[in-house]
Amino acid sequence: VLHSRGDRLIRFVIAGDGPRASKWKALARGLPNILFTGWLTQNRIHALLRRANVGLGAYAPGASQSLPYKPFEYMAGGLAMLSSLPGELEELLAREGVGLTYPAGDVLRLTDLLDWLAREPDTTKSMGERARSLAVHHFSTAAITSRMIRCLEQIAAQPVTNMTPSAAEAPASDYES
């Protein structure tokens with residue numbers, strides 16, 4: 001759709017490989033704004049994220065994912081996010097101002113949002129900066145570990161009670177004489 005509109009600003013880089021790769025490549029044949037990289041090392045993925053502006057999570061209608069890993073990878077990379085997942089991810093993107101959601105399968109809405117983000121680079125950059133900050137302060141290993149340690153310390157600080165039931169509370173046994 002973007003190509004037919006004459007858009008030359010937006011390029012799609014599809015990293016990875018999978019059982020549908022040949023189908024997607026066939027559908028994209030002849031479109032100059034789509035690049036398939038195949039499988040990439042983690043270092044190459046990070047380099048790719050540094051060059052990107054938007055991370056796209058295009059999930060099929062009715063997808064059962066709630067909070068998949070990919071959006072958090074995009075946030076850690078400082079990218080604004082476009083997603084088709086309703087629910088928790090949609091709420092997170094809107095609440096934190098780090099991305100937008102479109103209805104799964106709605107190509108025209110997706111195209112309009114991509115076009116808008118491409119023409120609003122300051123907004124897109126701000127979303128990406130907020131996404132990076134969110135990833136570092138709330139979803140990084142260090143942030144999660146710190147919260148987990150605080151939780152465990154709170155549990156450990158609770159007084160220990162005798163967990164063994166008294167004879168009066170113990171269930172009757174079928175083997176008592």
Side-chain angles (χ1 to χ4, degrees), residues 2 9-21 24 33-107 109-158:
L2 290 168
L9 292 174
I10 299 170
R11 295 185 48 103
F12 294 90
V13 179
I14 301 169
D17 208 2
R20 297 185 190 152
W24 297 118
N33 62 335
I34 300 178
L35 171 67
F36 291 88
T37 65
W39 187 87
L40 297 175
T41 64
Q42 186 173 3
N43 288 340
R44 302 250 348 251
I45 289 171
H46 290 172
L48 184 61
L49 290 174
R50 284 191 297 274
R51 295 191 63 205
N53 298 312
V54 176
L56 177 60
Y59 298 90
S64 62
Q65 294 93 335
S66 177
L67 287 170
Y69 179 75
K70 188 60 65 185
F72 295 96
E73 190 171 41
Y74 291 152
M75 285 185 239
L79 301 182
M81 172 89 189
L82 277 180
S83 170
S84 64
L85 284 179
E88 289 178 282
L89 182 58
E90 177 180 25
E91 292 169 13
L92 176 69
L93 297 178
R95 181 181 66 242
E96 302 297 335
V98 298
L100 303 167
T101 304
Y102 67 96
D106 188 341
V107 175
R109 181 68 178 141
L110 170 60
T111 303
D112 288 343
L113 289 174
L114 285 167
D115 185 53
W116 183 79
L117 288 169
R119 296 184 195 311
E120 295 290 336
D122 292 340
T123 300
T124 304
K125 182 178 179 186
S126 293
M127 284 181 168
E129 289 168 351
R130 284 191 299 274
R132 174 72 181 152
S133 178
L134 182 66
V136 168
H137 294 103
H138 295 282
F139 301 119
S140 67
T141 301
I144 292 170
T145 302
S146 177
R147 287 194 307 269
M148 189 177 296
I149 289 170
R150 282 195 311 272
C151 181
L152 291 172
E153 287 172 341
Q154 288 173 354
I155 292 169
Q158 297 296 314

For [range], which residue pairs qualify under salt bridge (charged side-chain N to carboxylate O under 4.0 Å, His left out), counting only residues two or more places apart or in two chains?
| range | value |
| --- | --- |
| residues 53-65 | none |
| residues 54-66 | none |
| residues 55-64 | none |
| residues 49-76 | Lys70-Glu73 |

For [X], all residues meeting side chain to side chain contact (heavy atoms under 4.5 Å, CB included), sequence neighbours excluded:
| X | result |
| --- | --- |
| Trp24 | Arg20, Leu27, Phe36 |
| Thr145 | Thr141, Ile149 |
| Pro103 | Asp106, Arg109 |
| Ala52 | Leu79 |

Closest approach of [X] to [Y] (non-hydrogen atoms, all atoms of both residues):
| X | Y | value |
| --- | --- | --- |
| Leu40 | Ala15 | CD1-CB, 3.7 Å |
| Gly16 | Thr37 | N-OG1, 3.9 Å |
| Leu56 | Phe12 | CD2-CE2, 4.0 Å |
| Ile10 | Asn33 | O-CB, 3.3 Å |

Of all pairs that satisfy side chain to side chain donor-acceptor pair (under 3.5 Å), the ones with a partner from residues 122-135, not counting sequence neighbours: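 Of all non-adjacent pairs touching residues 122-135, those that pass side chain to side chain donor-acceptor pair (under 3.5 Å) are Ser133-His137.
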Tell me the side chain to side chain donor-acceptor pair (under 3.5 Å) pairs involving residues 87-103, sequence neighbours left out?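 Every pair satisfying side chain to side chain donor-acceptor pair (under 3.5 Å) with a residue in residues 87-103: Ser66-Glu88.
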Pro71 and Leu85, any side-chain heavy atoms less than 4.5 Å apart: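 Of all side-chain heavy-atom pairs linking Pro71 with Leu85, none is under 4.5 Å.
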Quick one: are Gln65 and Leu89 in side-chain contact, heavy atoms under 4.5 Å?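 Gln65 vs Leu89: side chains apart.
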Taking atom [atom1] of [X] and atom [atom2] of [Y], what is their separation to the nearest 0.5 Å?
| X | Y | atom1 | atom2 | result |
| --- | --- | --- | --- | --- |
| Leu117 | Asn53 | CG | CG | 9.0 Å |
| Ile144 | Met148 | CD1 | CE | 7.5 Å |
| Leu110 | Leu100 | CG | CG | 11.0 Å |

Once ring pair (Phe, Tyr, Trp, His ring centres under 6.0 Å) is applied, do any residues pair with Phe72, and if so which ones, sequence neighbours excluded?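 In terms of ring pair (Phe, Tyr, Trp, His ring centres under 6.0 Å), with neighbours along the sequence ignored, Phe72 is linked to Phe139.
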Apply side-chain hydrogen bond (donor to acceptor under 3.5 Å, both in side chains) to Ser146 and list each qualifying residue two or more places apart in sequence or on a separate chain.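 Counting only residues at least two positions away or on another chain, Ser146 forms a side-chain hydrogen bond (donor to acceptor under 3.5 Å, both in side chains) with Arg150.
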May I ask you to check whether over 12 heavy atoms, not counting those of Arg147, lie within 6.0 Å of atom CZ?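 For Arg147, atom CZ is crowded (more than 12 foreign heavy atoms under 6.0 Å).
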Any side-chain to backbone donor/acceptor pair from Tyr59 onto Ala104? Under 3.5 Å, distance only.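 Looks like no, no N/O pair under 3.5 Å.
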Steps toward side chain to side chain contact (heavy atoms under 4.5 Å, CB included) verdict (Leu92, Met75): CA-CA 11 Å; Leu92 176 69; Met75 285 185 239; 3.8 Å; yes
